[in-house]
Protein chains: 2
Amino acid sequence: MPDLSIDVVAKAAGVHRSTVSRAFSRPEAVKSETREHILRVAEGLGYTMSPLAQALRTKTSTFIPLIVPDITNPFFAELAKTMTQAADERGYQLLLCVTNGDPAKTDGYFTAMQAMYAPFGIVAPSTKVDTEALKRFDFGHKVVVIDRVEGDDAVPTVTVDSRRGIMLALEHLHGLGHTSIGYVSGIAGTHTAQDRMDAYLELSAESGSTPVVLDSGSDLDAGTRGAEHFLEMDNPPTAIIAANDMVAFAVMSALGQRGVRVPEDVSVIGFDGLALGARFNPPLTTVRQPIADMGHIAIELAEKQNADGSVDHIVLEPELLVRGSTSGPRK
Amino acid sequence: MPDLSIDVVAKAAGVHRSTVSRAFSRPEAVKSETREHILRVAEGLGYTMSPLAQALRTKTSTFIPLIVPDITNPFFAELAKTMTQAADERGYQLLLCVTNGDPAKTDGYFTAMQAMYAPFGIVAPSTKVDTEALKRFDFGHKVVVIDRVEGDDAVPTVTVDSRRGIMLALEHLHGLGHTSIGYVSGIAGTHTAQDRMDAYLELSAESGSTPVVLDSGSDLDAGTRGAEHFLEMDNPPTAIIAANDMVAFAVMSALGQRGVRVPEDVSVIGFDGLALGARFNPPLTTVRQPIADMGHIAIELAEKQNADGSVDHIVLEPELLVRGSTSGPRK
DNA sequence: TCGGTTGCTGAGATCGGTTGCAATAACACT
DNA sequence: AGTGTTATTGCAACCGATCTCAGCAACCGA
């Protein structure tokens, strides 16, 4: 590969660099005859433009950072999957940024994204802190957030309707005959986590039952602690809503190890709709978030903002996914 | 941010561009006094070098593509996690590339990585095809593979000792009293998958028992099919080795739905050592691969190759992780 | 036929760095 | 003092594109 630059193509096609450049990036500005010739020659040489050079000159690259707290969490993994797809459909390259919940890292990624002229970035926050970091950067570089954001204004967001999701779960459980329904919270700090919890509290109260929060911790051990708490209760709930699928897994696992059977002894319902849930033992009933859509929409929002400056806040509808972890109450 | 370029720093520090450049990238070539002054000024301005410009000029960037078939598979997710960490410890940026098993995509990523002067890439293959794609690119750009590679020569690799891993599993099961041990294969096409299967076949034969391959499919449904096959047998094995954790999950889930209990009715052991396994129901006994090490080593190998041209093939030792999915045989 | 578009292409500066080479300063040695 | 290093720094070309500006030809209407 004798270093294919725009100049060698230009020479080979007998035109000037600038014409080749136009042939690629502003086709209508070149006589169609010339353009096709150039394209043909380029094709023959196996030429592609250097994204780096382009980025340097135009001050806008195709690198888009995906900032997540933990790629190991299947929710973020699924998000990453659909995002990569959406991304390279549109010629973007996803930069995987894992913060591990460390705000310093988040900051670092933001400055890095400026440095490489990222047109925008996607943030799936673990804590409110992440979204606050945004402000320090004046939104100078556009970002879209997979969560609600305090104040709901300057930055585009996409989320699912937490309240509706919890409602779905509650209705399903009520329909099955459950009246005492506990809750184990998930990754704390996120607005959506907060919203789900609030929704649970409110809706429970509305339906006349007293809410039972088994654990409100932030980590995965919330599941274990929740299960323990459950076992210590004199009159434990007959069903448990977990703030997200991972926590639901943890709950079921902890319960299982202590001899409690799902759904025979207690029903468990998650929130996320991870594919993995279908392979769990038992398969997890859950409130599905349209993760795939979220990825595409996030990118669309970003592009839209770049185009006309509009910042939208999309709220998607969740959906109930009934699998094997819920059934009628024990007695 | 009035566009911080090297020139503004130079002016502010009263030196020439080239001196600033050296102060950063070849510190020993600048009088320490001057260097410190420059660095201080830069610091004050909040200046960082443009990785794009650097890459363009030096023809080597800090972008390193991580090519995986499916980030949704926790094995690759864990790999990605440790790799991002290893990567940004050394100032690299990970580009997430998901092939979905499509060789065309793999090819695309290879050309892309050339275009952006990636110093090397990491490939965690789904099929042998992936490794063959490498040859089409003359290894012109360095790549290290998380798998064994046909011929074992031109490209650095890191894997764990498949045979040893299977041996560990077998020994554990034998120790528990199992004599009839089945096998469900995993993602096909990979050399390691092949190796594990071969090891199972050989070691079973050596120990005098007849191997029982419950399913040799490539997809996740192998688990389901394996379970069904298991149920149809007159004299089913008392334990099952799954080629990887995901398949083990699927097997246990399918078994569970059909009323077979693990480990009471049948023991199941996986291969990978995913953190997720600890949260499964029951917690999965498995052969642990040192995934975190693999990530770091992969990057080290790549750097080493770039430095002195050496290509190494590292084989790591697996380790048994006993959790709850194995116990003595039923009767 | 001539001034006024319009369409297409070439020149050349520029993006933000790097690096070989030349210039100068400083120091060592005889 | 004279000459030969050696350490520092400046100069300017270059990496591979983009884009403004200008040049030129063809076309239009009066």
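In what follows, every chain begins at residue 1, and chains take the letters A, B, ... in the order their sequences are listed.
Straight-line distance from the CD1 atom of A:I6 to the C1' atom of C:dG12: 14 Å, rounded to whole Å. If you take CZ of B:R57 and P of D:dA13, they are 12 Å apart, rounded to a whole angstrom. Remark: P of D:dG16 and NZ of A:K11 are 12 Å apart, rounded to the nearest angstrom. Atoms CG (B:L52) and C1' (D:dG16) sit 12 Å apart, rounded to a whole Å. Taking atom CD on B:E33 and atom C1' on D:dT9, their separation rounds to 13 Å, with Å as the unit. Counting to the nearest Å, the P atom of C:dA22 and the NE2 atom of B:H16 are 16 Å from each other.
Note on B:Q54: every side-chain N or O is 4.0 Å or more away from OP1 and OP2 of C:dG16. For the pair B:S18 and D:dC11, the criterion of a side-chain N or O lying under 4.0 Å from OP1 or OP2 is not met. In terms of phosphate contacts, A:S25 brings a side-chain nitrogen or oxygen within less than 4.0 Å of OP1 or OP2 of D:dT18. Close to D:dG16, at under 4.0 Å from its OP1 or OP2, lies a side-chain N or O of B:Y117.
Applying the Watson-Crick and G-U wobble criteria (two distances, each under 3.5 Å), D:dG29 pairs with C:dC2.
Mapping B:A29 and A:S50 onto DNA chain D by nearest heavy atom places B:A29 at the nucleotide closer to the 5' end. Positionally, the nearest nucleotide of DNA chain D for B:K31 lies more toward the 5' end than for the other of A:T19 and B:K31.
Using cut-offs of 30° and 60° on the angle between ring planes, the pair A:F63 and B:F63 is parallel.
Side chain of B:R22, nearest nucleotide from D:dG16, D:dG10, C:dG17: D:dG10. Listed nucleotides: C:dG10, C:dG17, D:dG16. Nearest to the side chain of B:Y47: C:dG17. With C:dT18, D:dT8, D:dA17 as the candidates, the nucleotide lying closest to the side chain of A:R17 is D:dA17.
Counting heavy-atom neighbours within 6.0 Å of B:R26 CZ, excluding the residue itself, gives a total of 12 or less. In the displayed structure, A:E89 atom CD is contacted under 6.0 Å by more than 12 heavy atoms of other residues, nucleotides or ligands.
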